[in-house]
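Computed from a predicted model, the values in this text were never measured in an experiment. Keep in mind that the numbers below use all heavy atoms, side chains included, and drop hydrogens, waters and symmetry copies. A note on names: the letters A, B, ... follow the listed sequences, proteins ahead of strands, and every chain is numbered from 1.
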Amino acid sequence: MSSDSLLSIRDVSVRFAGIVALDGVSFDVARGDICGLIGPNGAGKTTLFNCLSRLYTPAAGTIAFEGAPLLGVAAHKIAQLGIGRTFQNLALFRTMTVRQNILVGAHAHTKANFVSDALRLPSVRAEEARLAGEADELIALLDLGGVADVAVDSLTFATKKRVELARALAGKPKLLLLDEPAGGLNHDEVEQLRTLIGAIRDRLKLTVLLVEHHMNLVMRVSDKVVALDFGRKIADGTPCVVQNDPDVIRAYLGTAA
Amino acid sequence: AQNAPGITDTEIKIGQTMPYTGPVTAFSTLGKGEIAYFKMINDRGGINGRKINLISLDDGYAPPKTVEQTRRLVEQEGVAFMFSSIGTATNTAVQRYLNSAKVPQLYIGSGASKFGNYKEFPYTIGGIQGTFRAEARIYARYILKEKPNAKIAILYQNDDYGRDYVAGVKDILGDKYASMVKEATYEFTDATIDSQIVSLQGAGADALIVAATPKFAAQAIRKVYDISWKPMFFLSNVAIWVSTVLEPAGIEKAVGIISSVYVKDPTDTGWDNDPGMKEWKAWITKYMPEVDPRDQNYVNSYNEGMVLVQALKQAGNNLSRENILKEALNIKDMQLPMMLPGIKVNTSPTDYYPIEEMQMMRWSGKQWVRFGDLLSGSL
Amino acid sequence: MSALLELKGVNAAYGQSQVIYDLNLSVADGGITALLGANGAGKTTTLRTICNMRVRCSGTITFAGKKIDGLQTEDIVRRGIAHVPDGRGTFVHLTVEENLVLGAYSRRDRAAVAQDMERVFGYFPRLRERIAQQAGTLSGGEQQMLAIARALMLRPRLLLLDEPSFGLAPLIVQEIFRILNRINTEDGVSMLLVEQNANLALSLAHDVYLLETGRVVLNGPAAQVRNDDSARRAYLGY
Amino acid sequence: MTVRTEPVMAAALPKAWSAWQATGVVALLVIAVIVPFAVSSFHLLQLTMVVIYAIALLGLNILTGYNGQISLGHGAFYAVGAYTMAILIERAGMPYWSIVPVAGIVCFIVGFLFGLPALRLEGHYLALSTFALAVATPQLLKFHALEKWTGGVQGTFVPGFAAPLGLPLAWDQWLYLFSLGIAAALFFFAWNLLRGSTGIAITAIRDHPIAAKTMGINISLYKLLTFGVSAMYTGIAGALGALVAQFVSPDSFTIFLSLSLLVGAVIGGVASIFGAIFGALFIQFVPNFADQISKAVTWAVYGLFMITFMYLMPNGIAGFLKVIGERLRRRRNS
Amino acid sequence: MDTFLHQLLSGLANGGIYASIGLALVMIFQATHHINFAQGEQAMFSAYIALTLIQAGVPYWAAFLIALAFAFIAGVAIERVVVRQFDNAPVLAVVVVFLGMLFIINSLAGWLFTYNVQAFPSPFPVGLGSKFLSAHEIGMIGVTLVTLAVVYAFFRFTPLGLAMRAAAQNPEASRLVGIRVGWMLALGWGLAGAIGAVAAIMAAPIVYIEPNMMAGILLYGFAAALLGGINNPWGAAVGGFIVGVAENLAGAYVVGTELKLSVALVIIIVVLVTKPAGLFGRTVVTRV
Ligand SMILES: Nc1ncnc2c1ncn2[C@@H]1O[C@H](COP(=O)(O)OP(=O)(O)OP(=O)(O)O)[C@@H](O)[C@H]1O
Ligand SMILES: Nc1ncnc2c1ncn2[C@@H]1O[C@H](COP(=O)(O)OP(=O)(O)OP(=O)(O)O)[C@@H](O)[C@H]1O
Ligand SMILES: [Mg+2]
Ligand SMILES: [Mg+2]
């Protein structure tokens with residue numbers, strides 16, 4: 001394992017009744033990198049994310065985050081460790097406003113509890129002000145100002161995806177897991193997203209693991225790409241290498257790409 | 001003394017709470033009957049020119065609601081006194097309030113023996129019915145006489161009502177209770193009591209006392225019959241009614257069951273020519289033509305109303321709460337038309353139980369046949 | 001060719017907020033019409049309006065010469081309009097097979113249904129592998145395949161496709177567009193296609209409409225737009 | 001299986017008050033304090049019950065409205081609070097005011113413990129399990145082994161007292177003010193809690209538990225604490241209720257009480273703090289009103305009221321007022 | 001031993017009652033994803049219809065069928081007239097509506113038929129019975145099993161059953177495949193009403209008929225459905241029998257009758273905590 005490896009995945013396997021979703025997958029993600037994760041539908045990409053979020057427990061294998069084993073950590077402690085994520089099919093808090101969703105994202109960094117909140121102690125007020133400020137910054141960063149106090153339910157898919165990104169960033173992650181952030185975006189918007197991901201990585205100094213079927217985006221934004229097929233890793237390397245890997249072309253890209 | 005609130009030259013305003021909603025709505029016919037009874041009294045000119053205005057409010061059989069409604073009646077409506085409110089827990093809930101406010105709580109609709117404790121609660125007078133506890137003593141005495149070595153099973157509803165029967169049997173058996181008796185309870189919310197009957201039979205009992213409300217009494221009668229158990233079977237007189245108990249159970253299945261009675265049974269043809277019964281039937285036909293006259297509560301409401309009217313008549317124009325209470329406790333040897341001949345209503349400042357005698361009876365398959373003397377349930 | 005679907009002067013709104021303004025649009029019988037536009041332009045809303053799905057609308061919509069505006073969604077569907085909705089509309093608690101059976105719910109030709117089941121399994125072998133799986137546990141792309149397959153199970157005359165490529169791997173996307181093309185040419189199924197990948201949409205479609213904040217700003221044969229660099233750059237950004 | 005308990009309307013979390021709202025609340029409080037000197041003792045009793053029910057409903061609302069755990073059995077916690085009051089006064093001779101916090105703590109613990117199995121129960125399963133709890137409550141209270149303390153089927157009296165510090169107030173008046181003070185404090189705490197990060201967290205759990213977990217919320221702990229706090233509120237209400245009724249017995253806490261609480265919470269407005277007050281007014285006054293309309297079909301009238309209210313205001317009275325308020329504001333702005 | 005066997009069988013008999021009301025709950029749940037608190041009262045009312053007809057001289061089975069038809073139509077009507085209005089209301093609002101209906105139906109029944117218990121005839125020849133199980137109890141268990149088979153087959157083998165489940169889960173997607181969602185819901189209400197009526201008519205000869213007759217039973221019906229799995233007819237039926245037997249045995253031998261309901265409660269909770277979808281229920285997975 002290289003010293004600057006933030007995340008290291010070793011021989012991870014996940015099975016569901018009769019289905020092998022991940023089959024001995026191993027790879028590393030270096031600190032500061034943007035790592036693309038590609039593969040056909042059902043290859044196990046989201047499943048891998050779910051392992052990193054500790055929503056699934058692998059049948060075999062280990063995962064280390066900053067050198068410490070991840071699989072013994074409870075799911076609700078993951079955010080505190082510094083892993084944030086978005087969801088492929090959206091998992092917003094539907095009755096809340098954009099701002100409130102972002103505030104939930106900051107939960108891992110709040111110290112308030114039932115008692116201090118009920119009494120609204122000075123520390124709570126101070127923290128509230130701090131969180132509000134941070135939320136405002138994210139709202140500005142992701143251009144959500146116009147809808148900040150709108151209930152998320154009435155937003156379009158693409159905006160919702162941005163809210164999810166803001167929410168994930170509110171947790172101040174070291175590792176950001178993005179599951180198909182470009183879903184439903186048109187050509188222009190994908191370009192903007194590409195710049196945004198790069199900017200976020202640079203500004204906030206984080207590492208990104210990116211699942212995406214939009215090759216244009218993945219290949220241009222990633223430092224490294226990992227390809228899965230049927231739960232197995234079939235390629236791993238720079239975008240250029242992976243793009244031209246015959247297995248990847250056969251299983252995933254097809255001829256037209 | 002000054003007249004009680006709610007009393008004018010033309011009106012006597014009184015209050016009561018009734019379960020018009022909730023689990024025991026069936027009992028609320030008592031209140032309806034009483035309203036109808038006073039309607040008759042009023043039609044005949046009332047009492048000394050005063051009409052009786054009975055305000056009957058729903059308490060859903062929930063004690064906190066009884067408290068609220070009772071206070072509404074006392075403080076808001078300004079009733080002279082409370083009359084014949086139903087329920088043991090409900091009446092208990094307002095007992096302290098009414099006593100400390102010195103508002104008479106007259107002839108309450110419960111056979112619980114605790115409502116006669118005049119030392120602590122001088123304003124609370126029991127209903128015009130035998131107490132459950134006295135009734136149970138009568139059965140226990142009978143068992144001791146007829147079957148001294150009986151193994152007694154008691155099936156009772158797990159509330160004040162049921163527990164009074166247990167207490168009554170204990171009064172008589174004393175130390176022998178533990179060795180002679182096997183208990184089983186049921187809850188009002190149970191679907192059936194079959195399991196309890198099976199257990200009691202399995203315990204080898206040969207006498208059975210059932211202290212149950214009509215529905216469960218009927219189930220008990222049927223189940224005892226169906227499993228060919230033939231104990232000496234005593235049925236609480238809350239549940240002796242042909243239409244709501246014996247017919248549902250199957251009248252042939254009840255043959256031999258023993259119970260007790262202090263009122264006349266309107267379905268017993270033996271009373272057809274009895275003037276008291278005729279009077280009662282005339283009343284119900286005129287004032288409540290739409291109801292099922294076989295409902296036991298209409299007999300009770302008639303009796304309750306009649307005793308109250310007697311007390312009020314005795315009070316004349318001195319209608320202070322103290323005097324009303326005093327006269328309510330001064331009923332002497334009153335023979336009610338719907339009460340068995342010989343059973344008389346008696347109250348006194350040291351006797352808060354208006355009815356203390358009853359007569360035993362046995363179901364013949366066609367009707368209840370009374371037997372033996374009038375018995376007293378006192379110790 | 002006559003128009004199979006025709007929208008005339010359609011306005012549509014969610015509650016108070018109007019989204020579509022005076023829309024005139026038609027899909028030729030046997031034709032494929034693409035509906036393009038930026039995020040929030042109202043493409044999805046247009047499809048929902050056609051199916052009367054919780055949108056308030058005015059104007060007239062005719063299908064195969066008959067007025068369908070005002071009809072219940074289910075009755076519109078029963079006339080032969082299948083809709084691959086955005087968000088996929090999976091019956092997440094049912095199995096993959098049950099989802100597909102439901103696709104053919106309004107059909108009466110039971111025997112042909114079994115054949116069609118085989119056919120869609122041919123298109124999407126992955127679904128056959130997952131036939132007894134609870135559909136809600138499928139991967140995102142698998143659910144998208146299921147949504148398309150389910151719509152095909154209706155044997156529709158008109159297919160409304162809301163971003164069919166959504167969440168699908170490049171290879172599958174190519175495959176699906178090939179399939180759509182085949183269904184169009186072989187079975188004569190007409191389509192109204194909403195797609196973010198304009199390039200792909202233009203290669204399949206015969207006609208194209210471009211929406212901007214609820215109004216049509218460009219309309220014409222697809223080939224013409226495809227070849228018109230300035231229009232492409234102005235409206236499609238490439 | 002997913003059960004949505006939240007109103008369709010979004011953003012139910014309390015926000016900071018506008019000057020208008022603050023003035024309104026202060027005015028309301030002032031009126032509430034003057035009331036005991038202006039109305040008859042019976043009406044005061046009813047108002048005291050309204051205050052108490054409002055506390056209980058707020059407790060239920062925190063759990064069901066904000067956290068999405070449906071309880072059809074909150075009468076059980078109300079009962080525990082009431083019995084704590086009765087037992088500690090009668091058997092331990094503690095002063096009534098000191099029992100209020102004790103009842104709160106006892107109910108918090110009971111609620112927390114009941115929350116443990118509830119963690120594994122979702123939606124309808126939880127609803128029905130709590131329903132069963134409500135049905136079983138009277139029987140548990142009757143249980144003969146506990147009779148020494150509970151008074152068994154007979155129940156237990158709760159005495160009345162004099163107002164403290166020689167205040168020239170009747171017990172009724174004092175009890176009203178006492179309850180009002182407690183209610184004001186509890187409402188204030190709830191309001192703080194729900195608009196703070198705790199409130200956002202418990203609402204997030206309701207909206208999307210998996211996402212909430214990923215955001216770092218300890219779902220089990222928060223659900224348990226919410227259950228505990230909810231039971232605490234309702235239990236404190238029960239303790240005060242025992243002082244008002246001056247009597248507790250198993251029959252006082254039947255399933256009907258639990259159902260009334262749910263009805264109140266929903267009709268007042270789910271996931272709304274002030275909804276609790278409207279709900280309390282409903283369950284206190286509408287049944288009496290129904291009784292006055294018809295003795296023969298009292299319940300039918302009551303049921304009709306419930307359905308009509310829900311039809312006209314599916315998001316409860318509070319939700320309805322909010323919509324009206326927004327419409328007015330929009331009109332003023334335009 | 002005799003007593004034990006007897007307790008067991010009488011538990012089965014009670015279980016039959018619980019099972020049949022549990023089936024009605026499964027039906028309504030599958031068809032609407034709601035739990036109808038007024039289910040018991042609807043059933044009770046239908047039983048009164050049957051009783052009224054029988055008392056008027058209509059032969060038993062004819063009255064039975066008419067009552068079922070009545071229950072079906074009443075269920076459809078309730079959905080169309082009342083429940084329909086609350087399509088978009090939050091689930092708790094719907095719960096309150098169900099409670100409102102419970103109060104209304106109960107009250108109307110009391111008003112029309114009084115609150116007194118009445119006998120209800122049994123169609124089964126007395127000769128069938130034995131010491132352990134009465135003729136009616138045997139017949140009732142049989143009827144429960146037949147109902148179960150019908151409900152099971154309906155959901156398992158008919159497209160209508162599938163469409164009904166689909167409509168309850170995802171109305172919008174259902175419309176998109178041409179399912180008439182409104183009618184599915186109404187049909188579900190109708191069928192649940194009819195099954196409930198069977199339950200009440202079968203229970204009535206045992207517990208007698210009165211407006212509150214279903215109060216106790218409904219709780220156990222809930223328990224049955226929860227224990228077995230609310231999305232599985234078999235589960236609900238087996239759950240009913242288990243609850244009936246467990247309640248009897250626990251009451252007779254373990255904790256005494258005073259706490260038997262509490263025991264039932266504890267059993268349910270323990271089962272659900274270990275198997276959240278009930279003993280035989282399908283676990284539904286939510287993934288992200
Ligand atoms: N909870 C589950 N139960 C059963 N099967 C599952 C479950 N979760 C995932 N699977 C299966 O595991 C496989 C991998 O799913 P996953 O969601 O990881 O795919 P993916 O690579 O993210 O695909 P896509 O690009 O379509 O999103 C799929 O075939 C899916 O059906
Ligand atoms: N349910 C809704 N309630 C209110 N407004 C809505 C609703 N759904 C969509 N809108 C609004 O209607 C407008 C058009 O949305 P629509 O979903 O039709 O856009 P679209 O062209 O399909 O965009 P996308 O490419 O993101 O799918 C948007 O501004 C959106 O915010
Ligand atoms: Mg995925
Ligand atoms: Mg769209």
Side-chain angles (χ1 to χ4, degrees), chain C residues 47-48 50-55 71-95 97-108 110 113 133-140 142-143 146-147 149-156 159-160 162, chain E residues 26 28-34 79-80 84 86-89 152-188 229-233 235 276-278 280-288:
Chain C
L47 298 194
R48 293 174 69 92
I50 294 168
C51 286
N52 189 13
M53 286 165 74
R54 292 195 286 127
V55 185
L71 290 186
Q72 297 288 312
T73 305
E74 49 267 42
D75 295 319
I76 295 170
V77 170
R78 280 160 177 260
R79 294 186 178 208
I81 301 183
H83 189 156
V84 179
D86 94 324
R88 306 178 189 123
T90 316
F91 295 104
V92 293
H93 296 177
L94 302 181
T95 65
E97 183 176 23
E98 286 169 333
N99 268 272
L100 291 174
V101 168
L102 282 171
Y105 176 75
S106 59
R107 284 171 59 182
R108 291 286 158 260
R110 295 267 154 244
V113 168
Q133 188 170 329
Q134 185 199 319
T137 66
L138 292 176
S139 85
E142 289 164 349
Q143 287 189 39
L146 181 61
R150 193 179 68 199
L152 295 179
M153 288 299 293
L154 183 71
R155 279 256 179 122
L159 196 51
L160 306 180
D162 200 343
Chain E
V26 167
I28 198 84
F29 186 78
Q30 291 281 291
T32 65
H33 275 207
H34 283 300
E79 200 282 335
R80 294 253 118 181
R84 162 101 7 145
F86 298 92
D87 259 3
N88 297 317
Y152 178 76
F154 176 76
F155 279 123
R156 183 72 181 71
F157 300 116
T158 67
L160 202 56
L162 179 61
M164 200 176 260
R165 276 156 62 207
Q169 275 174 29
N170 192 339
E172 180 150 286
S174 300
R175 294 206 168 86
L176 283 185
V177 295
I179 296 171
R180 297 188 201 281
V181 173
W183 279 111
M184 286 302 138
L185 296 177
L187 187 63
I230 202 153
N231 49 26
N232 180 346
F280 311 99
R282 231 173 325 112
T283 321
V284 177
V285 183
T286 351
R287 64 160 291 187
V288 285

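Of the listed residues (S174(E), A173(E), G182(E), G178(E)), the one with the most heavy-atom contacts under 4.5 Å to chain C is G178(E). Across N170(E), L176(E), V288(E), the residue that shares the most heavy-atom pairs under 4.5 angstrom with chain C is L176(E).
Here the shortest heavy-atom pairing between A166(E) and I179(E) reads CB-CD1, 4.1 Å. Closest approach of L154(C) to R107(C), counting heavy atoms only: O-CD, 3.4 Å.
Contacts between S139(C) and chain E at a heavy-atom distance below 4.5 Å involve backbone atoms as well as side-chain atoms.
Using a 4.5 Å cut-off on side-chain heavy atoms (C-beta onward), L160(E) and M184(E) make contact. A 4.5 Å side-chain heavy-atom check between V113(C) and M153(C) finds at least one atom pair inside the cut-off.
Within the structure, the salt bridge (charged side-chain N to carboxylate O under 4.0 Å, His left out) test picks out the following pairs touching residues 156-170 of chain E (sequence neighbours left out): E98(C)-R165(E).
We find the OG1-CE distance between T158(E) and M164(E) to be 8.0 Å, quoted to the nearest 0.5 Å.
Of the possible polar contacts, none joining the R54(C) side chain to the E172(E) backbone as a donor-acceptor pair under 3.5 Å is found.
Contacts from residues 73-81 of chain C to chain E, taken as heavy-atom pairs separated by less than 4.5 Å, involve T73(C), E74(C), D75(C), V77(C), R78(C) in sequence order.
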